[in-house]
Every structure is written in structure tokens, then in C-alpha cells.
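Below is one structure; the comments refer to it alone.
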Amino acid sequence: MPPDSTSVPWPVAEGYQLSVDGRTRTVEGAWVGESLLYVLRERLGLPGAKNACEQGECGSCSVLLDGVVVCACCVLGADAAGAEVTTVEGLTATGSAKDIQEALVAGGGVQCGFCTPGFLAAITDLLARSPEADELEVREALSGNLCRCTGYGRILEAVSAVQAERRGAGVPGGLRAPGDEDGPR
Amino acid sequence: MTTSTPGPLVDDPEVGARRTSGPQTTGARTTGARVGEGALRPDGTPKAEGRFAFSSDLWIDGMLWGRTLRSPHPAARIVSIDPRPALALPGVRAVLTATDVPGRATYGLEVPDQPVFARDVVRYHGEPVAAVAADHPETARAAAEAVVVDYEPLTPLVDPTTALDSPPIHPDGNLFRHLPIRRGDPGATAAVVVEGSYEVGMQDQAFLGPESGLAVPGDDGGVELYVATQWLHVDRDQVAASLGLPVELVRLHLAGVGGAFGGREDVSLQIHLCMLALRTGRPVKMVYARDESFFGHVHRHPARMWYRHHATAEGDLVKVEARILLDGGAYLSSSNAVISNAACFAPGPYRVDNAVIDGYVVRTNNPPCGAMRGFGSVQVCFGHEAQMDKLAAALGVDPVQLRLRNALRQSDRLVTGQVLTGAVPVREVIEAAAALPLPPDAAPDGPPIARPGGAGLTADPDDVARGTGFAVSIKNVAYSEGFDDYSTARVRLEVGPGGDPVATVVVATAEVGQGFVTLAGQIVGEELGVGRVVLSPAGTAEVGSAGSSSASRQTWMSGGALQLACAAVRSELAARAASAWACPVEMVEVVTGPAPGEVRRRGTGERMRWVDLLDPPIEREEEYHHRPTRALDADGQGDAHLAVMFAAHRAVVDVDAGLGLVRVVQVATGQDVGQALNPLQVTGQIEGGIAQGVGLAVMEEIVLDQGRVRNPSFTDYLIPTTLDMPGVDAVLVEVPEPGAPYGAKGVGEPPAISSGPAVVAAIRAATGLPLERVPVRPEDIALAPRP
Amino acid sequence: MRIARPVTVDEAVEALSAEPGAQLLAGGTDFCVEVNFGHRRPAAVVALRRVAELRERAVRGETVSLGAGVTYAELSGRIAEVVPALAAAARSVGSPQIRNAGTLGGNLATASPAGDTLPVLAALGAEVTLRGPAGERVLTVGELVTGVKQTSMRPGELITKIEVRRVRGAQQFLKVGTRNAMVIAIASAAVVLDRDRRELRCALGSVAPVPLRVARAEEMMSEAIDWERVEAPPGAAARFAELAAEASAPIGDHRASARYRRQAVRVICERAVNRCLRDAA
């Protein structure tokens, strides 16, 4: 049973459809002020994106919107209609981020884990755009994802491990950089 | 050893699935990797896949949404509260205020001095006044705004230095505790005397998972509360008292915890949620937004400190004088224990025979302060380490050498008179940190974003100066001053579905991210050698208290309880085998490795499989109490602490003095860990703790204006990002602690203690400024008179 | 609260006319936060995400034309070569996630004193095109932004595009914040050294209710520069920075004191000018 918004003292939206992780999901009776984050978590049963600040200052709610990483808290659910939303649940289901997930766990990049799904979305986005990003570029790309437990060290190591792994495996997006013939760094 | 590489992946982690018809809690299954190995978190994969249920993820059909109404004033008389406009809104199911609290009107960790809801008076900005439950969070927000509260604002008491001379703002008075420590000759002095005053701002734990929970009314008049907390049982006791219910009817279950760092030791929404659920007869969920989270938990005490150190011309400390004033805010929380640490460890990890120390913690109309990682040691470390640098400068000696010269050793005494009988590798941690390689000099043609100011691109190479600083810390493990500190663990050994023995662990230990779930599997793996260890969800109805996940104590305490419970299981295996063989139990050997799962009869070589002895299953519950500690006497003397742990940090910073912007380039550390039971997790604790130290040094502060919090958001309460946190080089100094299970000390707090002071020392070195206040704000550098 | 999802600018203008008081929604990075925290509950929202015309960006001759819906992240590549200071400002906004969503038009319409692109657009002399029921009009940033989060936009109007002339010379953007990333500006400065017009233009952020052009300082520096050799006499940059700091009107708040903000202006203005002179030489 989705949250009952009939009592919200502002009008609800007409029903709208979202494309989430490749599936069309219908949202009925939602208040228009509900963020995409709220709609995913409380209406669609997808709580993977997290609710740490709800002001675009921590990255915990990161999802991919039309393939680009954004904060789901800063998108109105009703305004995401027509866009393709990819959540951590979707990344898990397709296995497309499995190596990142494994590296985060194996490398000690997960402690309390509240930031982890957001990091997963941001790292997925980064490595798709810039597979050979150097450490500073990685740090800049992840500077919108706060972590309070790890101090980032193990997370950055995990990214580096995934880059090395993909480079070695020759996966698309794992292009060799010039002068990198000796294999993984 | 240095930081280690991880081991293999857990093959079949499992955590309670979410979002069925009822709320879920967090159990886990782990493999039986042993102590000291690089076992991986059993909850790691579920967390990375987004299917681990945090407290804010809980969901149950028909649940309502709760919301708290909080005072906009730091001090005010409540003239009247009218909930009727809120109750008149459609979809609003309950509005509760102080008059609705069924039991004890107050709560508190040490003394129940804090109202569940303010009744006649509010004492801090953000104090709860009412709570509502409604069909939708937005309706709940509207309802909370519709409650009409008539306040008569009072002049807040906001300056802790005047608290003792001001009229009491609470029936218990304005002094929480004065702890004097007198040791040796109060009149002693020496050739060199250095003096300084220091100030530490109010830091927030800023855990990412906001306070949240779900309360479900039970059929028996009781309530189930699924909540993120650090200590289930002490929450339960406080909730039950305020609900007026026997503790058996209040059942707390640990929901996934998104970080804690001390900020979840105190009750926040627990009582409100249960009251709303019991009043409405429906499940109620509450999730604080980030602004409310800043009001919903205690903070690190701001401190004002005065120090005077006396030393011989050779650099031997002769006397330390200190006055420490902590601002406790409006309610007690754990202030009395925080000031104890601050006073006991005021001189730092150094030998000194004479001490005159006075610690005070007082009540004000500022936000309540309590536990945060480092707990009292953090504040004084800024003071004693600045003093050691001053002393080194006065003596003209190397600051690291001065620290080595005065470093505590085994058999030395603390200023409380307590003889240090455990491992005291202060020299070792200092030497380890000092020996790590320094980072290369900044390249002038390096990327501008890597300079101070980062993405703002403010610094040119010539604007940047580099500095290096050093700091060392001391902190106690577990609870002190005579508290009967214990943990409870139950282990059941039975035949699993595959015919192999399976161990099930039941502990109420709060997994807050520190990785106790990993260690629990390792400890059972070590003690029983079974390949399968299942961790039951933590709850108050299932097992006795584990104490809190704080004070760097759970590896020692809950680890100790698990070790005892496993030993009891082994004894029962032996007893059953002895009975079967009709032999004395001394003749039975329980094999836990390398080929576990058997008992052997000494002498005859007969063998029996455990699984043939497990009908009925063996279940043993044990409490582990640490060695008793003692209260401090009127002079602050006594064996108050179980054990102490140490860390040394060396920080390298780049400073743009023109703008006062800082970039921390590297932190090197040597840490006394006793034994590293899981080196990967220890490394994680070290790096994470250092990030919090770096944050306090250069950016983190709750800014108050006449008692009002000015920056309750992640927009304005800044914590380090990936572009602020430097690389960390860590050496784990392993000297086993006698009497500690597996020789392991705690590891969580030391990284957060001396890392910040090392950063500040490095900024002093780069700028030549005294910098007596933290966090060091840009203007503290840019507007300071140039030395 | 209703939502309209127009796909053309005309539809957007119609939707706005149909719902007086409707809130324009672009990237959502400011508006959604206000809704999340209950600070704003407009009756209706006109969401601009689907208006393709607003997403266009082009370099045509000497002019860069940017649709109001161009995100901060899109102010890179070719655009960054033409207006590097704008790209630098965009790259300093919030986090990568925010830069992927937030838009240039949104930054202007929100009109926060700390809006990072505003000083750059002001210093570049950007022209902002608005469309409403009465047609189009073109404003400078100074004409558009009238106060703290206040603009001269009329009911029913939206920003459609921002045009910036290519400048021969150099341009710099510096932003001061306590953290190395994801931080609100305590002070910022954009400096444009325009060799064709032989003028140096400068606008400050976060030190006045609006992005602040510092006319006296600009005049002083424009006169001081030897435009043939693109050099300035010793002390000129410092004098310029002093005048800029004097012109600033900062407040003190929980982020920084007024005194620090003024000092920060002094420091970054001097550095910005020196960098421009170096880059243009």
C-alpha cells in the first residue's frame, strides 16, 4: 500500500509513468512535491538510493537519470516522467556494476554502507565517461559523495582496482592509455 | 605491519530481505574465517547492492509518519500549547505533548534530566515540544507547523564561563561536574614554564543515516521498536520508563545503522515513536531530515582550556597545570564521563609526577553535548599537544624528541595515580609515524585543483607554503570509574541443513559500521572452527545487554563474551563426549582446527563427530565483565581505567596564508592496536577516524549565535570530501594487551584524537601563527597579525 | 501543486499564463531542496526539462549562445575554450551530481548572491533573453538580478538563452570556500581582460546582494594597463584589488565575517588580474 497522500494539503499530481531500471512504473496519487528519491523509496519499493541530506550535498541518493549521475532528492518525481532512471537495484540486477561492488567490499570501501549505493552510481558514471581517470580526476568526480566512515581511502583504492581489472580484461571502456603497455598499474 | 590486503569474498552473505509484510532487521551469515585474517564484512555485498535495510528503509503496510515539533528558541517559557489546529487537519492521527507522556517525563543516559517533551520551559534551540503522526510525511509536516505554541522567550545562558555564576536554568543546577586531580607537589616548578589557552568548537558526528525508526504496537500492550542505535538495552530501559511499561513489553530491534560515532548513544526519537504507535494503534515511521538530525542528537563538547607546563632544562616534564571547561549544553547526557576523560588525560601520553588539573562541565542553553568519537580526549589533545610544541620551542629541541623523552612507559603512572600495567607502546607509535616517508614537494606545475582552495582555483604555486606537525594521544578503552561494564553473548551449536555443524550467534551488539559482525564470525571461527556462523538479528528480547558500541569497547567486551560462550559450548561438547565414552572429561579433546568438528579421546584415539553430539543442540550464554575499575577519590586519584591506547599522527599541509585556505597533503600514523584482528577493518577505522580529525581541524563546527544553531545542514556544516581528505600512511603497532581477548585493544577512537592536533600543528608550522582555536577558520589565518 | 511539462518555449509561456504564480522548474537543484524542507509549496510547477530549445548551445562566429537549460556540466569542451572563466565557475558549482542537473538559466533566475556563474556572466557582459506573453526582451545580468534572490523577471516570463561575446584577451574566475569542493562561495571574483575594448571588467560574488561590478576599480585598471604590451605598472593590481574590496558590501554570517570576505576579495582580485595579464601576454 503506497503512502496515502490524500490528506496532503496541496493537490496531488495526475498519475505519471516512470521508467525505472528498464521497467515502466506507474505512480498514482502522489503529491507533486515528492522528490524522485521519495517516490523510489516509499512508492516503488526501491530504497537503495539513500536519504542522507535531501539537499544535494551528500550524493547518497545518486541515481542515473538518462545515464547521467544526479541526486534523486533534487529531481521531482513527476518531472522524471519520460526519463530513464537507473537505481542501485537496477545496476545490481543487470550485473553491470558487479566488479565495482565486489571491489568496494573486498577493498574495505564499505563500513556503515549508507553512502555506498550513491558511490556506486557515481563510480559507474565516472568509469563510463572516463575509464582511465587518474587519482585526482577520480577524487573530483567523487567529491559530491560524502562518506563519514571510511575517509575515502578504501573507496579510492577500489576504483583503482576496478580500473586495473577492466584494463586487464579489455572490457569496453577499459582502453589502454599510451605508455601503459605493461599492464595494470 | 602496514595496511593489508583483503582476503577472499564471503561466498554467501545474507541479510534479512526487506519490504515483505513486516519490518526487517539485520542479521548476517558469515564464514568462519579466523581472528587476524582479512575476513570481509558479511553485510558488505548487501550494502553495496542496496538491499541492506537501514532504519530509514523500513516500511510496513498501513504505517503512519511521525514528525517532531521543536523549539525555535534556546530559552523560553511555554505559556500554552494548542494542538487542536493540527488535529483538525485531515489525515492527522495524533498530536502528543508533555502531558501525554504515560510514564517518567524525563530520560537520560546518566541521570534522567531531559524532558521527553518540554512542558513549561525550553532549554535549547531544537528541544522537542510535540510530536505528530499523520498519513503522509507532508501532512505530518503541516500538522507540526499547525500546533500553536505560545512562547515567552527568555535570555539564554550561552557563555559557559558564566554558567556557575548564573541563576540555575534547571532544577539540577548549572554544574554537571567538577573533577579535580591533584598529584604530587602542587607547588612544584622547573626551569622552563610555558602557558597557553585553547579553544575547541562544537563538532557534530554527522553520520550519514539520519535518525529513523519504526514502532509497531504489539497485541500485548507492548511495542516493537526497530531503530538505529548504539545500545539497544539502555534505549529500552529509558523508553520503558517513559512509557510506564515493564521492560519486557518494550522490544527493541536493531535496524540498519548508517554510522553513529557517539551520536546515537542518547535517545532521540525512540520514546516519541513508541508513544505515537501506542496512541494511534498503528505502526509509525519517523525519519529525521538532515536539519532535524542536527537538533536530534548531542554534539562534541566545545572546550576552553588553560594549560601551564613546567619542565627541566633537559626537557623532562615536572608539572602540568590545566583548567578545562566543557560546555555541556542544556542536559547532562554523558557529560560526567566526558569530563572525566578530559581531566584524566589532560597531560597527554606523557610521564609527569605533579599535576593540578580541574575539569568542569556546565549546563547552558546551548545544544546538549555528549558522546563523540574520542570522548574528552579529543579536546584536551589540542591543548596538551600545542603545549608540547610550545615547550619544544622554548627548549629549542625537536618536538618529536621531546615527546619521546617524556613518553609514558609500562609501569609509569597516570596523573590519577594508576599504574599502567598493560601495553604502553607510546615510543613505538611515535617512532613509527615519524619514520614514514614524507610526501614529495608540491610540483609548481601540478594541477591547480590540488592546491589549497581546490575547485575554487584560488592559489598560485607561490601562494602556498608547506608545514609539518606532530601529535600523540591517549584514550581509555571501555567504561571507567567503577561502572560494571559487560556484554552478553549466546552461541548455539547445532547440525545445519547440510549435516555440518552450524554456530548461531546471538548478541545485542550494535553494528554501526565498525565491523563487529565480521569479527563475530572470526571469533567463532577461531574458537569453534566451524565453517558456518549465523548472526541472529540483535534485539533486546533475544539476549542480554552488550553495552554500547562506543568507547572502542566492543571488540574487547562483546568479543570477550563470544569467546566465553564458545568456550562453554566446547566444554559441553567435551562433557557429552565424556558421558558417551564414560570417561573423565579431562580425557576429551575438542578439535577446532585444522580439521574441526571432532572430539578425540586421549589415550585411545577414539573419535566422535560433533554432529553426533548435537541432539539437542548446545546453547550457552555468557556475560563478560572486564576487570573492575574504581571511582576517583576527592583528589582524582584511583584506578579508574581498564586500559589505555595510543596513537601518533604526523600531518603535512599546504596553506594559502593569503586566503587562509588549507589542503592536508598527508597524514602518517602509528597506532597501538594491541593485536589487529582484522587488519583491513583496522585500516578503515584509522582512515575514517583521521577524516573526522581533519574535519575538526579545518572545517567542522556547529556555529551558534545566542544559542541558535546557524548551520544545521550539509550545505553549511562541512565535512571533508574526497578533495579534502589526504592519503593516509598507517603502521599498526602490535603489542598484545594482557588480559584483553586476543590481545586486542580498541581501534576506533585514537585516529580521531591526535590527527586533528597534528594538522593544526602543521598549519602553525606553515604560517608561524599561534592558532589557539579549532577548527582553524580561513580568517584565523588570513586576518591574523603576521608574526 | 500541479505540474506542466511543455516541450516548446511557446508551450512553456502558455503554461505560465494559465497558472499565474506557477514555479518554473529547471534543474531542480535549488527548488527541490526548498520543497523537501517545506520552505516552498507553489500551487503549480512548469517543468522545463523537456524544452529542447533551452538545451541548445552553440558557438556562432564571435558569440556563444547558451540555452537557459544548459547544465553546468555542459559548459565544458568547446564552450570552455571560448569562455574559460564561465567553465571554471560552472566546474566549481556544488557536486558533479548538481552540475549534471543544475542549469545556467536556473542559476540566473534563482539569483542567489552566491550563484557561481553570475559574476562571470556579469563580467563578460552577457545578454540574457527572456520570453513572455509580451514577447522577448534582452537584459544584462545587472538588469536581471535586482536583489537577494530577486529578479526583474515579469510574471509569465522565462529565461530562454544567454549570449556571451568571445573576448580576445584573458579571463579568470576564483572562488573562495572553506572546503576544497562542494562549497558555497564565501567570495568570488570574475575578471575579464578585453583587449578589443581595452577594458578590464570585474564582478564579485557573495559580497553584495547582487553580482557586483566594481566600476571604479575597472576604470583605474583599464587606464593603468598598457594595452599594446598588455602590462601593468607595479602596484596596479594591488591598487585595483583595494578598490574592488572597498566597493564590496559583504555581510558577516556563519560562513565568514564581513572583514574576511573583504580581505578575500582583495586577495583573489589581485591574483585574478595578475593571472589575466600573464595569460594575455
Side-chain angles (χ1 to χ4, degrees), chain B residues 67 137-138 141-142 144-145 289-292 448-460 462-463 656-664 695 698-705 708-711 713-725 775-783, chain C residues 1 30 33 35-39 41 84-85 87-96 98-99 114 116 172-189 205-206 241 252-272 274-275 278:
Chain B
R67 189 170 175 87
E138 187 63 15
R141 184 202 301 278
E145 288 172 3
R290 182 51 55 182
D291 56 346
E292 189 168 13
I449 198 172
R451 295 180 201 137
L457 306 180
T458 44
D460 293 310
D462 290 348
D463 302 323
D656 172 354
L659 291 170
L661 300 179
V662 175
R663 185 184 196 92
V664 184
V698 296
M699 65 179 79
E700 293 188 30
E701 182 173 12
I702 290 185
V703 180
L704 299 174
D705 178 9
R708 282 196 172 79
V709 178
R710 297 290 304 274
N711 57 339
S713 72
F714 276 171
T715 307
D716 283 317
Y717 185 89
L718 303 178
I719 66 174
T721 71
T722 45
L723 282 173
D724 300 282
M725 184 56 194
V776 178
R777 296 162 295 201
E779 57 192 80
D780 296 334
I781 299 170
L783 299 181
Chain C
M1 186 159 156
D30 292 317
V33 175
V35 174
N36 290 346
F37 284 84
H39 298 151
R41 290 150 178 152
R91 193 167 161 183
S92 79
V93 173
S95 64
I98 294 301
R99 299 197 284 273
D116 288 315
Q172 283 284 337
F173 174 79
L174 284 74
K175 165 178 164 179
V176 179
T178 306
R179 189 161 65 182
N180 287 317
M182 193 159 61
V183 70
I184 308 270
I186 289 173
S188 67
S206 287
D253 63 9
H254 54 278
R255 292 178 192 145
S257 69
R259 200 173 142 233
Y260 174 76
R261 283 194 160 97
R262 191 164 267 134
Q263 172 66 9
V265 166
R266 199 173 280 123
V267 171
I268 58 179
C269 281
E270 183 171 351
R271 291 181 186 174
N274 283 332
R275 284 187 200 174
R278 200 177 54 223

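Convention: sequence-line order gives letters A, B, ...; per-chain numbering from 1.
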Margin query: So for Val33(C), is it side chain, backbone, both, or neither that comes closer than 4.5 Å to the heavy atoms of chain B?
Written below: neither
Note to self: With rounding to the nearest 0.5 angstrom, report the CZ to CZ distance, Phe37(C) to Arg141(B).
What the structure shows: 8.0 Å
Check: For the candidates Asp116(C), Val176(C), Ile186(C), which exhibits the highest count of non-hydrogen atom pairs separated by less than 4.5 Å from chain B?
Finding: Val176(C)
Margin query: One thing to verify: whether Arg41(C) and Glu145(B) come together as a salt bridge, which I'm taking to mean a side-chain N less than 4.0 angstrom from a carboxylate O.
Written below: yes
Notebook entry, point to check: So which heavy atom on Thr721(B) is nearest to which on Ala181(C), and how close?
Noted result: OG1-CB, 3.9 Å
Notebook entry, point to check: Looking only at heavy atoms, which two atoms of Ser92(C) and Ala455(B) are closest? And how far apart?
Noted result: CB-O, 3.7 Å
Notebook entry, point to check: Using non-hydrogen atoms only, which part of Arg663(B) is less than 4.5 Å away from chain C: side chain, backbone, both, or neither?
Noted result: both
Check: Is chain B contacted by the side chain of Val35(C), its backbone, both, or neither, given a heavy-atom distance below 4.5 Å?
Finding: backbone
Checklist line | Which portion of Pro775(B) sits near chain C, non-hydrogen atoms under 4.5 angstrom | finding: neither
Notebook entry, point to check: Between atom CG of Leu659(B) and atom CD of Gln263(C), what is the distance when rounded to the nearest 0.5 Å?
Noted result: 8.0 Å
Notebook entry, point to check: Under the side chain to side chain donor-acceptor pair (under 3.5 Å) test, which residues partner Arg67(B), sequence neighbours left out?
Noted result: none
Check: Which value, rounded to the nearest 0.5 Å, describes the distance between Glu701(B) atom CD and His254(C) atom NE2?
Finding: 12.0 Å
Note to self: Heavy-atom pairs under 4.5 Å with chain C: which of Leu718(B), Asp724(B), Leu723(B) has the most?
What the structure shows: Asp724(B)
Checklist line | Whether Asn180(C) side chain and Gly453(B) backbone form a donor-acceptor pair below 3.5 Å | finding: yes
Check: To the nearest 0.5 Å, how far apart are CG in Asn36(C) and CD in Glu138(B)?
Finding: 9.5 Å
Item checked: Leading residue by heavy atom contact count with chain C [cutoff under 4.5 Å; candidates Met699(B), Arg710(B), Arg777(B), Glu292(B)] -> Arg710(B)
Notebook entry, point to check: Highest number of heavy-atom pairs under 4.5 Å with chain C: which of Asp716(B), Val662(B), Thr722(B)?
Noted result: Asp716(B)
Note to self: For chain C, which candidate among Ile449(B), Asn711(B), Leu457(B) shows the most heavy-atom pairs at distances under 4.5 Å?
What the structure shows: Leu457(B)
Checklist line | Sole residue of Asp460(B), Asp656(B), Asp462(B) in salt bridge (Lys or Arg N to Asp or Glu O under 4.0 Å) with Arg271(C) | finding: Asp656(B)
Note to self: Around atom CZ of Arg278(C), are there more than 12 heavy atoms from other residues, nucleotides or ligands closer than 6.0 Å?
What the structure shows: yes
Margin query: Counting heavy-atom pairs closer than 4.5 Å to chain B, which one of Met182(C), Arg261(C), Arg266(C), Arg179(C) comes out on top?
Written below: Arg179(C)
Item checked: Which of Asp705(B), Thr715(B), Ile719(B) touches chain C most, by non-hydrogen pairs under 4.5 Å -> Ile719(B)
Item checked: Part of Leu783(B) within contact of chain C (heavy atom distance under 4.5 Å) -> both
Notebook entry, point to check: What residue in Ser257(C), Ala272(C), Ala256(C) has the most heavy-atom pairs under 4.5 Å with chain B?
Noted result: Ser257(C)
Note to self: For Tyr260(C), give me all partners under side chain to side chain donor-acceptor pair (under 3.5 Å), at least two apart in sequence or on another chain.
What the structure shows: none
